[in-house]
Q: 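There's a structure below that I have some questions on.
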Amino acid sequence: QVQLVESGGGSVQAGGSLRLSCAASGYTYSSYCMGWFRQTPGKEREGVAAIDSDGSTRNADSVKGRFTISKDNAKNTLYLQMNSLKPEDTAMYYCAARTDITYCSGGYLRGTEYNVWGQGTQVTVSS
């Protein structure tokens, strides 16, 4: 059974950094498309960053130059390094995986492309 567990969220002041982790289990992790999303109450879920089977990445315009997605295949873990955090980055952050295909190219920032989700980790940025 596929499982994703996020960690690393917390409270930080504007300009600070956090690194989120997403531990994956229950499937062959390395070849799947994965992504990070965030959501605040009353707003739609937003795709933040994605990584494809070859390790190519794409970021939302709102986080370009500040957030970096990466993965460690040996540890079956996905990361999101978040630098220069802003109050508007405050949200619940989720990792997601697309496991219905074994290879993907380009990465996906739309949540509908993913079929497995973690439970989320809260990030709060104060001004």
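Values below: all heavy atoms of this structure, side chains included; hydrogens, waters and symmetry mates excluded.
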Q: What pairs of residues pass the ring-ring contact (aromatic ring centres under 6.0 Å, His included) test when at least one of them lies in residues 40-76, not counting sequence neighbours?
A: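 For residues 40-76, and leaving out neighbouring residues, there are no ring-ring contact (aromatic ring centres under 6.0 Å, His included) pairs at all.
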Q: Has the side chain of Asp52 got a donor or acceptor atom that lies under 3.5 Å from a matching backbone atom of Gly106?
A: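 Side chain of Asp52 to backbone of Gly106: a pair is present.
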Q: Hey, what do you get for OG1 (Thr40) to CD (Glu88), rounding to the nearest 0.5 Å?
A: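 Thr40 OG1 to Glu88 CD: 11.5 Å, rounded to 0.5 Å.
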Q: Apply side chain to side chain donor-acceptor pair (under 3.5 Å) to Thr99 and list each qualifying residue two or more places apart in sequence or on a separate chain.
A: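 Once residues adjacent in sequence are excluded, the partners of Thr99 under the side chain to side chain donor-acceptor pair (under 3.5 Å) criterion are Asn115.
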Q: Before you tell me yes or no, could you show the steps for Gln81 and Ser17 under side-chain contact (heavy atoms from CB on, under 4.5 Å), namely the whole-Å CA-CA distance, both residues' side-chain angles and the distance that decides it to 0.1 Å?
A: CA-CA 8 Å; Gln81 178 66 44; Ser17 298; 4.0 Å; yes
Q: Please give me the minimum heavy-atom distance between Gln119 and Leu4, naming the atom from each residue.
A: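 The pair with the smallest heavy-atom distance is OE1-O, 3.6 Å.
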Q: Can you tell me how far apart CE (Met82) and CG (Leu18) are? Round to the nearest 0.5 Å.
A: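 Reported value, rounded in 0.5 Å steps: 4.5 Å.
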Q: Applying side chain to side chain donor-acceptor pair (under 3.5 Å), can you list everything that pairs with Asp54, at least two apart in sequence or on another chain?
A: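 Applying side chain to side chain donor-acceptor pair (under 3.5 Å) to Asp54 gives Tyr103.
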Q: If the condition is side chain to side chain contact (heavy atoms under 4.5 Å, CB included), which residues does Ser126 pass it with, not counting sequence neighbours?
A: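 With neighbours one apart ignored, the set is Gln13.
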Q: Run the side chain to side chain contact (heavy atoms under 4.5 Å, CB included) test against Arg45 and tell me which residues pass, sequence neighbours left out.
A: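 Once residues adjacent in sequence are excluded, the partners of Arg45 under the side chain to side chain contact (heavy atoms under 4.5 Å, CB included) criterion are Phe37, Gln39, Trp117.
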Q: For the atom pair CD (Gln122) and CZ (Arg38), what is the distance rounded to the nearest 0.5 Å?
A: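 Here the rounded value is 12.0 Å.
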Q: What residues form a side chain to side chain contact (heavy atoms under 4.5 Å, CB included) with Ser7, not counting sequence neighbours?
A: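 Partners of Ser7 under the side chain to side chain contact (heavy atoms under 4.5 Å, CB included) test: Ser21.
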Q: With sequence neighbours excluded, what pairs up with Lys43 under the side chain to side chain donor-acceptor pair (under 3.5 Å) test?
A: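 None.
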Q: Under the disulfide bond (SG atoms under 2.5 Å apart) rule, what pairs show up with a residue in residues 36-77, not counting sequence neighbours?
A: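 Sorted result for residues 36-77: empty, none.
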Q: Going by the disulfide bond (SG atoms under 2.5 Å apart) test, which pairs reach into residues 59-127, not counting sequence neighbours?
A: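 As it turns out, the disulfide bond (SG atoms under 2.5 Å apart) pairs with a partner in residues 59-127, which skip direct neighbours, are Cys22-Cys95, Cys33-Cys104.
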Q: Which other residues end up in the same hydrophobic cluster as Val5, if Ile, Leu, Val, Met, Phe, Trp and Tyr are linked when side-chain heavy atoms come under 4.5 Å apart?
A: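 Besides Val5, the cluster holds no residue at all.
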Q: Taking side chain to side chain donor-acceptor pair (under 3.5 Å) as the definition, give me every residue that meets it alongside Tyr114, ordered by chain and number, with sequence neighbours left out.
A: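 Not a single residue meets the side chain to side chain donor-acceptor pair (under 3.5 Å) criterion with Tyr114.
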Q: Spell out, yes or no, whether Val63 and Leu20 are grouped together once hydrophobic residues are joined by side-chain heavy atoms under 4.5 Å, including indirect joins.
A: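 Cluster IDs for Val63 and Leu20 match.
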Q: Search all heavy atoms of Lys64 against all heavy atoms of Asn59 and return the closest pair with its distance.
A: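 For Lys64 versus Asn59, the nearest heavy atoms are CE-O, 3.4 Å.
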Q: Just how far is it from atom CE of Met34 to atom CZ of Arg98, taken to the nearest 0.5 Å?
A: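 The CZ atom of Arg98 is 13.5 Å from CE of Met34, to the nearest 0.5 Å.
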Q: Who pairs with Val125 by side chain to side chain contact (heavy atoms under 4.5 Å, CB included), at least two apart in sequence or on another chain?
A: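 Val125 satisfies side chain to side chain contact (heavy atoms under 4.5 Å, CB included) with Val12, Ala14, Leu85, Pro87, Asp89, Thr90, Val123 only.
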Q: With side-chain contact (heavy atoms from CB on, under 4.5 Å) as the test, would you mind laying out the steps for Leu80 and Arg19 before giving the verdict?
A: CA-CA 6 Å; Leu80 184 68; Arg19 188 176 78 158; over 6 Å; no
Q: Hey, are Thr77 and Asp72 close enough side-chain-wise for a donor-acceptor pair under 3.5 Å?
A: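 Note: Asp72 and Thr77 side chains miss the donor-acceptor criterion.
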Q: Could you state the interatomic distance from OH (Tyr93) to OG1 (Thr121), rounded to the nearest 0.5 Å?
A: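 These two atoms lie 10.5 Å from each other.
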Q: Decide whether Ser62 and Glu46 meet the rule of one side-chain donor and one side-chain acceptor closer than 3.5 Å.
A: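 Result is yes, a qualifying pair exists.
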Q: If only atom types and distance count, is the side chain of Trp36 paired as donor or acceptor with the main-chain N or O of Tyr79 below 3.5 Å?
A: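 Yes: the side chain of Trp36 pairs with the backbone of Tyr79.
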Q: Taking atom CG of Leu78 and atom CD1 of Ile69, what is their separation to the nearest 0.5 Å?
A: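 Reported value, rounded in 0.5 Å steps: 4.5 Å.
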Q: Main chain of Gly120, side chain of Glu6: is a donor-acceptor contact present, judged purely on distance under 3.5 Å?
A: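 The answer is yes, because a donor-acceptor pair under 3.5 Å joins these two groups.
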